*Asks:* 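One structure follows; several queries about it will come next.
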Amino acid sequence: MHAPPTETPMAPPTAPRRRRRTRTFGLAAFAISLLMAVPTAHNAFGADAKAIEGGGDLGPNVMVFDPSMPDIQAKVDEVFKKQESAQFGDGRYALMFKPGTYDNLNAQIGFYTSIAGLGLNPDDTTFNGDVTVDAGWFDGNATQNFWRSAENLALNPVSGTDRWAVSQAAPFRRMHVKGGLNLAPDGYGWASGGYIADSKIDGQVGPYSQQQWYTRDSSIGSWGNGVWNMTFSGVEGAPAQSFPEPPYTTLENTPVSREKPFLYLDGDDYKVFVPEKRTNARGVSWANGAPKGESIPLDQFYVVKPGATAETINAAVEQGLHLLFTPGVYHVDQTINIDRANTVALGLGMATIVPDNGVTAIKVGDVDGVKLAGLLIDAGTTNSKSLIEVGTEGSTTSHADNPTSLQDVFARVGGAGAGKATTAMVINSNDTIIDHTWLWRADHGEGVGWETNRSDYGLQVNGDNVLATGLFVEHFNKYDVRWSGENGKTIFFQNEKSYDAPNQAAIQNGDTKGFAAYKVDDSVTTHEGWGLGSYCYYNVDPTIVQGHGFEAPVKPGVKFHDLLVVSLGGQGQYDHVINDTGSPTSGTDTVPSQVVSFP
C-alpha cells in the first residue's frame, strides 16, 4: 500500500483488506400496500381494468421531519440502532428533512438508510450538526459500510469536519459541507470507498486510509492524500494530475453527466426533480441557484409500496405513470418492464427488488431518456440470466441527445442468502450513462461459495458510446467487466477478483491464467479508461496467479490511463497489469504494480 504524503496526520494501515463473514438476518414479509383505484375504464389493459392512481402517501418507512418537531434526534437514533449492524437485514428507511434549519443534530446513518433534504437546493435544508458514518459496529473497520446515502443537505459540522467513513454503494450526492469531510473511521482503520457527486466541500477532504475514491462534478477546498487510486472529473479544486505518486487521476471535465433525480417539496406538494443532461460538466449543478431540469408532480408517479406486484408496477408504467419505490423489499415473479421513453424509476431508502423464479428483475426498453436510480437488485435463489438489462441486443438506435441513465443502481448476488445470476447487468442501448454502480458477488454473508452464489459476469456492455463514471464490480467467477461495444469510456474502476476461487484450474481461461477484471473485446477499435484498479486476494489458494488485471486489443483507438493492480497481502499475484505489460506483483507486501498508460 502506498503511504499518504508525510504531512498527512495519520498513515493508512498496511495490512491487507479483509472482510469477515457475518450472520444474515433474512428477509421478512412486508404488509400488502393499499392501492387506490378509480372506476373501471377502457385503457391499455382491457375494458375491465382499473386505472392506477398516482401520488398518495410515502408509506411508514419514509420519515419526514420539519424543524418544529420535537425529539428528532431520538427518532433518528432509533433508526440507527436498528440499522447500525444490520448488514443483510430487511429494514429500509428514508429520513427526509423539510427545508429549514436543524440545530444540534447528529444523524448517524446505518445500513439501508438514506438521509436527504427536501429543498430544491442543498442550502434550503441546513444542519447545524453532522451526518455521520463510522465503524464502531465493526471494531473500527469501515470496509463493510455499504448501502446508505446522503443527499441534498447543507452541513455546519460541530467540530468543523464531518465524518463519512464508507465503502461501496454509499453515495454522497448534492451535499454542501461548510467545513471539512473525513472519509476515514475513528482510529483511521481500513476503508474501501467511495463516491461523491454534485457536492461542495468548503474545506479539505481527508481520505486518510481510504484505498480509492471517485469524485465527480463537484467543488472542494482541497484534497488531503491518496492511497492507491483517487480519481476526479469535473472537480473544482481537485489536485493536479500526478499518478502514480501521488495516485491522482484528474480530468478537467466529465464528458457527459446527468444528476440523479430527487424528491423535493414545492410548498406543500411533493415533486421529483429530474436534472437535465450536462456536457463537459465541471462543478456543481446548483451553483447559480435553482438547477436546470424538469419538475414532475408526485401524482404522475405510482408510489410503490411493499406488497405491490410486478403486474401492477408494469400496468402503472403502461398507463403512463413514473415509479417511486418506497423503502422495502419487493419480490417480483415477472420482469418489471420500462418501455416508455423518459420514464423515471426512483427508489428511496435502498428499495430492494428480488427476482423470483429466475426472471430478470428490470428491463429497460431501447428508448430515450429512462432514469433508473436508487435501487438494489438482489439475486433470487433460482438463477437469473441477468438482473438488470437496458435496451435490445443488436440495437443501432442513437440516444445521444437523451440517453438512459442508471445512478446508484446496485446488484448483489449472495450475502443475504443464496442467489445466482449469470450476468448482473447488461447494457445494450447506445449512449447509456452508468453513474455509480456496485455489482457485487458476495464474499461474505449467507449463501456464499464458489458455486453457491455462482455469477460469471458482472457488467456486459454491448451498446456503443456507453459511459461509466464510478464503476465498482467485484468477485465474479469469470469476467467482472466485458466491453463489446464501440467507443466506450470508463472514468474510475474499482475491482477485486473473487476471493474464493478454490484453485488455479477453477479460474483458468484457456491458455490465460484467470479471467481479466476488465476485458475489451478484440473486435473493438475505440475505447478509453482513466483511473482503473484491480486487486486480488485469493485467500482459499494463495498460490493462484492472475495473468493480468486488464485485457484489451492493441489498437491506436484503445487507450488506458493510470492503471494499477494490487496483491492484497500476497494472497495471489498478478503477472502483469494489462495484457503482457506491467511488472508483476510479488511477495507479501501490499504494493501495487502500475502502468501509466496503454499502449
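All figures in this text were calculated on a predicted structure; none of them were measured in a lab. Quick note: residue numbers are just sequence positions, from 1.
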*Asks:* Do Phe232 and Phe492 have ring centres separated by under 6.0 Å?
*Replies:* no
*Asks:* When rounded to the nearest 0.5 angstrom, what distance separates CD1 in Ile353 from CG in Leu375?
*Replies:*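 Here the rounded value is 5.0 Å.
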*Asks:* For His527, enumerate each residue passing the ring pair (Phe, Tyr, Trp, His ring centres under 6.0 Å) test, keeping only those at least two apart in sequence or located in another chain.
*Replies:* Trp483, Tyr518, Phe560
*Asks:* How about Asp366 and Ser429: does a side-chain donor come under 3.5 Å of a side-chain acceptor?
*Replies:* yes
*Asks:* Quick one about Thr249 and Asn229 (side-chain donor to acceptor, distance below 3.5 Å, no hydrogens or angles considered), yes or no?
*Replies:*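 Result is no, nothing qualifies.
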*Asks:* Shortest non-hydrogen contact from Lys497 to Ser534?
*Replies:* CG-OG, 4.2 Å
*Asks:* List for me each residue that meets side chain to side chain donor-acceptor pair (under 3.5 Å) alongside Lys519, sequence neighbours excluded, and say none if there are none.
*Replies:* Glu551
*Asks:* For the CD atom of Glu389 and the CG atom of Asn428, what is their distance to the nearest 0.5 Å?
*Replies:*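 Atom-to-atom, Glu389:CD and Asn428:CG are 6.5 Å apart.
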*Asks:* Can you tell me if Gln494 and Glu474 form a side-chain donor-acceptor pair at under 3.5 Å?
*Replies:*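 Note: Gln494 and Glu474 side chains meet the donor-acceptor criterion.
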*Asks:* In a check of salt bridge (Lys or Arg N to Asp or Glu O under 4.0 Å) between Asp435 and each of Arg258, Lys260, Arg173, which one passes?
*Replies:*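 Answer to the salt bridge (Lys or Arg N to Asp or Glu O under 4.0 Å) test with Asp435 among Arg258, Lys260, Arg173: Arg173.
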*Asks:* Report yes or no: does Thr423 contribute a side-chain atom to a donor-acceptor pair with the main-chain N or O of Ser386 at less than 3.5 Å?
*Replies:*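 Here the side-chain-to-backbone pair does not exist.
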*Asks:* Name all residues meeting the side chain to side chain contact (heavy atoms under 4.5 Å, CB included) criterion together with Thr452; count only those two or more places apart in sequence or in a different chain, and write none if there are none.
*Replies:* Ala418
*Asks:* Taking salt bridge (charged side-chain N to carboxylate O under 4.0 Å, His left out) as the definition, give me every residue that meets it alongside Asp198, ordered by chain and number, with sequence neighbours left out.
*Replies:*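 Applying salt bridge (charged side-chain N to carboxylate O under 4.0 Å, His left out) to Asp198 gives Arg174.
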*Asks:* Are the aromatic rings of Phe410 and His436 close, with centres under 6.0 Å apart?
*Replies:*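 So the answer is yes for these two rings.
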*Asks:* Side chains of Asn430 and Ser398 only: does a donor on one sit below 3.5 Å from an acceptor on the other?
*Replies:* no
*Asks:* Looking at Val166, is its backbone amide N or carbonyl O close enough to the side chain of Gln210 to form a donor-acceptor pair, meaning the two atoms are under 3.5 Å apart?
*Replies:*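 Yes: the side chain of Gln210 pairs with the backbone of Val166.
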*Asks:* How long is the straight-line distance from CZ of Arg216 back to OH of Tyr195, given to the nearest 0.5 Å?
*Replies:*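 If we round to the nearest 0.5 Å, Tyr195:OH and Arg216:CZ are 3.5 Å apart.
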*Asks:* Can you see whether Tyr538 engages Gln546 through a side-chain donor-acceptor pair at a distance of less than 3.5 angstrom?
*Replies:*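 Gln546 and Tyr538 do have a side-chain donor-acceptor pair below 3.5 Å.
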*Asks:* Return the minimal non-hydrogen interatomic distance between Ser233 and Asn253, and the atom names on each side.
*Replies:*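 Here Ser233 and Asn253 meet closest at CB-O, 3.9 Å.
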*Asks:* Taking Asp522's backbone N and O only, do any of them form a donor-acceptor pair with Lys555's side chain (distance below 3.5 Å, no angle check)?
*Replies:*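 Here the side-chain-to-backbone pair exists.
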*Asks:* Filter on salt bridge (Lys or Arg N to Asp or Glu O under 4.0 Å), then keep only pairs touching residues 163-172, sequence neighbours left out; what's left?
*Replies:*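 Those involving residues 163-172 are Asp134-Arg163.
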*Asks:* Taking atom types as modelled and ignoring hydrogens, do the side chains of His399 and Asn465 form a donor-acceptor contact shorter than 3.5 angstrom?
*Replies:* no
*Asks:* Between Asp521 and Ser523, is any side-chain donor less than 3.5 angstrom from a side-chain acceptor?
*Replies:*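 On atom types as modelled, these side chains do not qualify, holding no pair under 3.5 Å.
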*Asks:* Which residues pass the ring pair (Phe, Tyr, Trp, His ring centres under 6.0 Å) test with Tyr112, sequence neighbours left out?
*Replies:*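 If we apply the ring pair (Phe, Tyr, Trp, His ring centres under 6.0 Å) test to Tyr112, skipping adjacent residues, the hits are Trp147.
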*Asks:* Could you tell me whether the side chain of Thr437 reaches within less than 4.5 Å of the side chain of Leu406, counting heavy atoms only?
*Replies:*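 Leu406 does not reach Thr437 side chain to side chain.
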*Asks:* With rounding to the nearest 0.5 Å, note down the distance linking CD1 in Ile544 to CD1 in Ile507.
*Replies:* 5.0 Å
*Asks:* Take Gln407 and Lys371 through the test side-chain contact (heavy atoms from CB on, under 4.5 Å) and record every step on the way to the result.
*Replies:* CA-CA 8 Å; Gln407 296 172 302; Lys371 292 88 178 174; 5.7 Å; no
*Asks:* Going by atom types alone, do Gln460 and Ser484 pair a side-chain donor with an acceptor below 3.5 Å?
*Replies:* yes
*Asks:* To the nearest 0.5 Å, what is the distance between CG on Asn579 and CZ on Phe598?
*Replies:* 4.5 Å
